[in-house]
Participant: 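Handing you a structure now.
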Amino acid sequence: MGRRYILLCFLGVMAGLTFSAIAQERTNSATSSNAATPAPTRVAGATPAAKPASPSSAATAEDAAAVERALRVEGEKRFRTNCGRCHMAPHKFPPRVMATAIRHMRVRAMITDEDMRLILHYMTR
Amino acid sequence: MRRFTNGTRRHYACSMVLALTLSTFLAFRSDAQSPQSEDVKPVPLFTGSAGFVTSFDGGEAHLGPIASPVLLIPLNKRWLLETRATFESDMVQEPGLSGFHGKVAKAVDYAQLDFVANPYLTVTVGRFLTPFGIFNERLYPVWIRNLQTDPLILPIGIGPSNASTGAMLRGGFKAHPQFDINYAVYFSALSTASPADSDRLAGGRAGIFVPHVRLEIGGSFQHLLQQERSNSFGFHAIWQPPAWPLDIRAEYAHSQRGSGYWVESAYRLSQLAFFHNEMRRVQLVARMQRFIAGILASDSLPAVNTKKFEFGLNYYFIDGLKGIGSYGRQFSADGNKNVWTLGLTYRFVLPLGHAGSE
């Protein structure tokens, strides 16, 4: 019997370490390839609707507005998918309140990092 | 009663310490990507819920006031201190006395420190709600649950007082473009300090969530490291078909003290054309449950096989405030009975500081 517990603990340890390692791997590549981009835009890069424009045109206000719109649409979609799963999806709270509630939900509801960033962006604009 | 060897205990402690140290170390190294959007600084929150639920259980009237405050203190970019206490009473009419009487029960439901190590891992230490199945951790508060009565199988796998004391690793991440995975593994030490008591146990839960169909399925496992040193396991499913305002949830749990399942569906009348403004606030709920007594006795589970059918109607006045009503019929060898509930529940969220402008 004792062996089974140890195995269980080891599985836990291995899971933790593997995720940490993968995370670090991803973080490093994200930082080196896109270090100057602000966080929400970097997230948006992962979604087809919000692909950042080429560096030459990225500076224009229209592109910035388009990225902002796409972020908002994607954020709303993620909000609808994730925030009504356990309770009625809440209305908007002031930004700093939302930031705490979403950190809480990230832990409690295990919302993914990308979902959390997009939802926070959508709920605080 | 407790039969665990020092050797096993040492192995456990070592593995846990190793896991926590390594994950913390790796997390500090990977601080290039902050877990929270930089531009919004979270503020401490005083939140929680309050409710008043009257029930008629087998003909006996109960008044149930409940208050459940939650304190959330975000620290730095990666930490969160969270705690919830519950004050509740079950007031009944005592023979020979007028009015309703009952004691106020107090409990610290959880008091935990969370460290968001990286996008894949959050480390929690302290007293936390045991993540076995979905009801205890996700649906328990009165403002969330669709029916105010607890599922019959709720006590399975969550320990005494619904919480564990120890450490937990958890997280949710996109494993594939089509689905997310969430997991929690935990270890709890024995605590006899009532009302914050807990069992010595270890376990885990994992789930797969498919966002585009809004379906989650998952399973829980737990090994008790004291008394009969038995295993418990369970499965859960949650489905919210994107086209309909419908929630379907189901849970199965098995332990030596009993096993059973519940299936619940809740339908919001928001698609009805007439009286749309009123109808969209109405939710109809139906739940069916079955409990099969186990080979060992339990204080918190029914003593005999039981079936229960419940129907509820909830009315959402505003965000956080709802009126509830339900009727249920329970069938068991101990006798059949009706259970009615009627009440009001409220959730509040108050910032303890400057909240930022909208």
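Proteins come first, then strands; the chains are lettered A, B, ... in the order of their sequence lines, and each starts at number 1.
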Participant: Can B:Val116 and A:Arg106 be said to form a side chain to side chain contact (heavy atoms under 4.5 Å, CB included), step by step?
Facilitator: CA-CA 9 Å; B:Val116 182; A:Arg106 177 202 190 134; 3.6 Å; yes
Participant: Counting only N and O atoms by type, is there a donor-acceptor contact under 3.5 Å from the side chain of B:Arg170 to the main-chain atoms of A:Arg108?
Facilitator: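 Judged by distance alone, yes, a pair lies under 3.5 Å.
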Participant: For B:Val43, does its backbone N or O pair with a side-chain atom of A:Thr100 as donor and acceptor, under 3.5 Å?
Facilitator: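 Confirmed, A:Thr100 side chain pairs with B:Val43 backbone.
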Participant: Counting only heavy atoms closer than 4.5 Å, note whether B:Phe128 contacts chain A via side chain, backbone, both or neither.
Facilitator: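 Neither part.
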Participant: What residues, two or more places apart in sequence or in another chain, satisfy side chain to side chain contact (heavy atoms under 4.5 Å, CB included) together with B:Leu71?
Facilitator: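 B:Leu71 satisfies side chain to side chain contact (heavy atoms under 4.5 Å, CB included) with B:Phe46, B:Ile73, B:Thr83, B:Leu352 once adjacent residues are dropped.
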Participant: For B:Glu82, is it the side chain, the backbone, both or neither that has a heavy atom under 4.5 Å from a heavy atom of chain A?
Facilitator: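 Side chain only.
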Participant: Is a side-chain donor or acceptor of A:Arg103 paired with a backbone partner of B:Lys77 at a separation under 3.5 angstrom?
Facilitator: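 A pair under 3.5 Å: yes.
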Participant: Only counting residues at least two apart or in another chain, list the ones meeting side chain to side chain contact (heavy atoms under 4.5 Å, CB included) with B:Asn182.
Facilitator: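 For B:Asn182, the residues satisfying side chain to side chain contact (heavy atoms under 4.5 Å, CB included) (neighbours in sequence not counted) are A:Met110, B:Arg138, B:Glu216.
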Participant: With only heavy atoms counted, which part of B:Tyr110 is less than 4.5 Å from chain A, the side chain, the backbone, both or neither?
Facilitator: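 Only the side chain of B:Tyr110 comes within 4.5 Å of chain A.
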Participant: Considering only heavy atoms and a distance below 4.5 Å, find which of A:Ala89, A:Ala109, A:Ala101, A:Gly84 pairs most often with chain B.
Facilitator: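 Highest number of heavy-atom pairs under 4.5 Å: A:Gly84.
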Participant: Below 4.5 Å from any heavy atom of chain A, which atoms of B:Arg249 appear? Answer side chain, backbone, both or neither.
Facilitator: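 For B:Arg249, the side chain is the part near chain A, not the backbone.
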Participant: Tell me, side chain or backbone of B:Ile134 under 4.5 Å from chain A's heavy atoms, or both, or neither?
Facilitator: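 Contact with chain A: none, neither part.
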